[in-house]
Engineer: 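To start, I am sharing the structure in question, which I have written as structure tokens.
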Protein chains: 2
Amino acid sequence: MPDPDVIDLPNFLPYRLAVATDAVSGRLARRYREEFDLSIPEWRVMAVLGRYPDISANEVAARSAMDKVQVSRAVALLIRNGHLDRRADDTDRRRTMLSLSDSGQEIYRRIVPMARAYEQDLFARLSGPEAEVLMRALAQLSQP
Amino acid sequence: MPDPDVIDLPNFLPYRLAVATDAVSGRLARRYREEFDLSIPEWRVMAVLGRYPDISANEVAARSAMDKVQVSRAVALLIRNGHLDRRADDTDRRRTMLSLSDSGQEIYRRIVPMARAYEQDLFARLSGPEAEVLMRALAQLSQP
DNA sequence: GAACAATAGTTTCAATTGAAACTAATTTCA
DNA sequence: TGAAATTAGTTTCAATTGAAACTATTGTTC
């Protein structure tokens with residue numbers, strides 16, 4: 001039984017979560033960077049737009065756990081690199097509708113199988129039931 | 001069954017991990033900041049030194065998943081705030097042995113129960129077996 | 001319909017972080 | 001021994017991030 005006056009970092013859940021995320025995101029970020037020259041925020045924007053084409057930056061933020069500043073910056077980079085198209089919304093000229101350009105779609109088409117394969121490699125470390133528990137537990141921990 | 005040409009971010013394991021870690025670390029970081037004026041790197045250094053007194057900065061790094069630059073910065077802040085003592089190692093004058101000062105021990109004594117209580121609140125969201133699976137799964141995902 | 005509040009998105013400025021270079025001390029080995 | 005390599009820890013400089021302020025447009029209310 002653990003000493004209640006002391007904390008053992010390797011068994012401390014928040015630490016362990018952070019270490020796992022660092023490892024998982026770090027490896028993935030390196031591949032996005034090397035193979036597609038994308039950061040994780042840029043990838044998230046593309047992932048959302050691949051799934052939900054023609055939505056506003058705000059809607060991207062809502063679907064990607066990013067705030068509007070992060071989205072604005074990632075969108076600016078993606079547009080600069082030609083991976084996104086932006087058109088003004090006629091009915092509300094504050095909004096801009098975003099979508100993947102041809103080049104963006106081409107990258108998306110190639111990045112999805114890579115990301116899926118990476119995720120499969122992660123799941124391969126767990127049994128089926130463990131994977132289900134993990135996903136549920138992460139949802140529980142994400143709640144405010 | 002999911003469309004294989006598209007990724008649904010909320011079901012994508014690396015994303016879900018990152019969101020959970022953001023939530024868990026964010027809430028905890030706020031409490032460290034508000035109640036103790038500590039950042040997470042500073043807390044990690046203190047946690048390691050509370051558990052293993054009188055070790056070098058390098059050993060702190062090895063036990064906290066931080067690199068030597070992060071440790072160096074956190075240690076500098078903690079010393080500036082009087083929470084750490086540092087003394088030169090006689091047998092190897094490159095090394096400096098670190099330990100919690102009286103003020104550091106006082107904070108440590110108060111922060112440990114808070115951190116434990118927070119962790120208990122997290123575990124309360126899960127069943128006992130779920131918690132065990134989660135901890136094992138995080139260890140699996142952390143491996144290179 | 002004019003004033004005020006709210007929303008979409010961007011920019012600015014400071015703080016944090018990362019990568020590389022740096023200093024100082026120790027170890028290796030010809 | 002003494003030159004070269006290694007190790008501990010710090011510093012520097014650029015890139016990234018966060019918080020707050022900002023612009024432009026739309027919605028609300030009197």
Side-chain angles (χ1 to χ4, degrees), chain A residues 18-19 21-23 25-30 32-34 37-45 48-49 52 54-81 84-99, chain B residues 18-19 21-23 25-30 32-34 37-45 48-49 52 54-81 84-99:
Chain A
V19 169
T21 298
D22 267 17
S25 293
R27 291 193 295 267
L28 191 52
R30 186 152 42 78
Y32 290 150
R33 174 62 61 210
E34 288 173 356
D37 195 33
L38 293 177
S39 67
I40 288 209
E42 289 170 274
W43 148 251
R44 283 193 186 177
V45 169
V48 169
L49 290 174
Y52 303 97
D54 263 293
I55 61 178
S56 71
N58 249 348
E59 289 169 288
V60 170
R63 293 188 177 280
S64 64
M66 299 195 286
D67 63 33
K68 61 182 183 173
V69 174
Q70 290 177 288
V71 171
S72 173
R73 285 168 173 158
V75 165
L77 285 172
L78 288 167
I79 287 181
R80 191 171 315 151
N81 291 320
L84 247 55
D85 290 332
R86 143 201 278 163
R87 63 173 187 73
D89 182 339
D90 300 322
T91 74
D92 183 345
R93 287 186 0 263
R94 291 170 305 184
R95 303 175 76 221
T96 65
M97 304 305 261
L98 301 169
S99 52
Chain B
V19 169
T21 299
D22 267 16
S25 294
R27 291 192 295 267
L28 191 52
R30 185 152 43 78
Y32 291 150
R33 173 63 59 209
E34 289 172 357
D37 195 34
L38 292 178
S39 67
I40 289 210
E42 289 169 274
W43 146 251
R44 283 193 186 176
V45 168
V48 169
L49 289 174
Y52 302 97
D54 263 292
I55 61 178
S56 71
N58 249 348
E59 288 168 289
V60 171
R63 292 190 178 281
S64 63
M66 299 195 287
D67 63 33
K68 60 182 184 174
V69 175
Q70 291 176 288
V71 171
S72 173
R73 285 168 173 159
V75 165
L77 285 172
L78 288 168
I79 288 181
R80 190 171 316 152
N81 291 321
L84 246 56
D85 290 332
R86 144 202 277 164
R87 61 170 189 75
D89 181 339
D90 301 321
T91 74
D92 183 343
R93 288 184 1 264
R94 293 169 305 182
R95 305 175 77 219
T96 64
M97 304 305 260
L98 301 169
S99 52

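Letters A, B, ... are given to chains in the order of the sequence lines, protein chains preceding strands, and every chain is numbered from 1.
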Engineer: As an exercise, state the distance from CE of A/Met97 to CG of A/Leu49, rounded to the nearest 0.5 Å.
Structural biologist: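 Going from CE on A/Met97 over to CG on A/Leu49, the span is 10.5 Å.
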
Engineer: Could you go step by step and tell me if A/Ser56 and A/Asp89 meet the side chain to side chain contact (heavy atoms under 4.5 Å, CB included) rule?
Structural biologist: CA-CA 9 Å; A/Ser56 71; A/Asp89 182 339; over 6 Å; no

Engineer: If you assign each of B/Asp89 and A/Val75 to its closest nucleotide in DNA chain C, which residue comes earlier from the 5' end?
Structural biologist: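 With B/Asp89 and A/Val75 compared, the 5'-side residue is A/Val75.
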
Engineer: Any salt bridge (Lys or Arg N to Asp or Glu O under 4.0 Å) pairs touching residues 54-72 of chain A, not counting sequence neighbours?
Structural biologist: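 Residue pairs passing salt bridge (Lys or Arg N to Asp or Glu O under 4.0 Å), neighbours aside: A/Asp54-A/Arg87, A/Glu59-A/Arg95.
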
Engineer: Taking the side chain of A/Ala57 as heavy atoms from C-beta outward, which of C/dG9, D/dT26, C/dA25 is closest to it?
Structural biologist: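 Of C/dG9, D/dT26, C/dA25, C/dG9 is nearest to the side chain of A/Ala57.
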
Engineer: Base, sugar-phosphate or nothing for A/Ser39? Non-hydrogen atoms, less than 4.0 Å.
Structural biologist: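 No contact.
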
Engineer: Identify all pairs in which a protein N or O lies below 3.5 Å from an N or O of nucleotides 1-7 of chain D, and state each distance.
Structural biologist:
from  : atom 1 : to      : atom 2 : distance (Å)
D/dT7 : O2     : B/Arg94 : NH1    : 2.7

Engineer: Going by side-chain hydrogen bond (donor to acceptor under 3.5 Å, both in side chains), name the residues that satisfy it together with B/Arg27, two or more places apart in sequence or in a different chain.
Structural biologist: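 Listed in chain order: B/Tyr118.
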
Engineer: Measure CD/A/Glu59 against P/C/dA8 and give the value in whole Å, please.
Structural biologist: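 In whole Å, C/dA8 P lies 9 Å from A/Glu59 CD.
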
Engineer: Hey, does A/Thr96 reach any base, or is it just sugar-phosphate, or nothing, if we go heavy atoms under 4.0 Å?
Structural biologist: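 Here A/Thr96 touches the backbone only, sparing every base.
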
Engineer: Does A/Ser72 have a side-chain nitrogen or oxygen under 4.0 Å from the phosphate oxygens OP1 or OP2 of C/dG9?
Structural biologist: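 It does not, given that no N or O in the side chain of A/Ser72 lies less than 4.0 Å from OP1 or OP2 of C/dG9.
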
Engineer: Axis-to-axis angle across the helix from C/dG1-D/dC30 to C/dA30-D/dT1, five pairs an end, to 10 degrees?
Structural biologist: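 It works out to 10° between the end axes.
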
Engineer: Dump the intermediate steps for side chain to side chain contact (heavy atoms under 4.5 Å, CB included) on B/Asp37 and B/Glu42, then the final yes or no.
Structural biologist: CA-CA 9 Å; B/Asp37 195 34; B/Glu42 289 169 274; over 6 Å; no

Engineer: Would you kindly give the CG-to-P distance between B/Leu78 and D/dT10, to the nearest whole Å?
Structural biologist: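 My rounded result for the distance is 12 Å.
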
Engineer: Spell out protein contact along nucleotides 12-23 of chain D as letters: B when the base is contacted, S when just the sugar-phosphate is, - when no protein heavy atom is under 4.0 Å; keep the 5' to 3' order.
Structural biologist: B----BBBB---

Engineer: Please list every donor-acceptor pair under 3.5 Å in which a side-chain atom of residues 73-81 of chain B meets a protein atom from a residue at least two apart or in another chain.
Structural biologist:
from    : atom 1 : to      : atom 2 : distance (Å)
B/Asn81 : ND2    : B/Leu77 : O      : 3.2

Engineer: What is the distance from atom OG1 of A/Thr96 to atom CG of A/Asp85, rounded to the nearest 0.5 Å?
Structural biologist: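 It comes to 11.5 Å.
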
Engineer: For the pair made of CZ in A/Arg95 and C1' in D/dA24, what is the distance, rounded to whole Å?
Structural biologist: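 Distance, rounded to whole Å: 15 Å.
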
Engineer: Distance from B/Ile40 atom CD1 to B/Gln70 atom CD, nearest 0.5 Å?
Structural biologist: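 That separation rounds to 11.5 Å.
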
Engineer: At their closest point, which heavy atom of A/Val48 faces which heavy atom of A/Val60, and how far apart are they?
Structural biologist: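 It is CG1-CA, 4.1 Å.
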
Engineer: Using whole Å, what does the distance between atom P of nucleotide C/dG9 and atom CE of A/Met66 come to?
Structural biologist: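 So the two atoms are 13 Å apart, to the nearest Å.
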
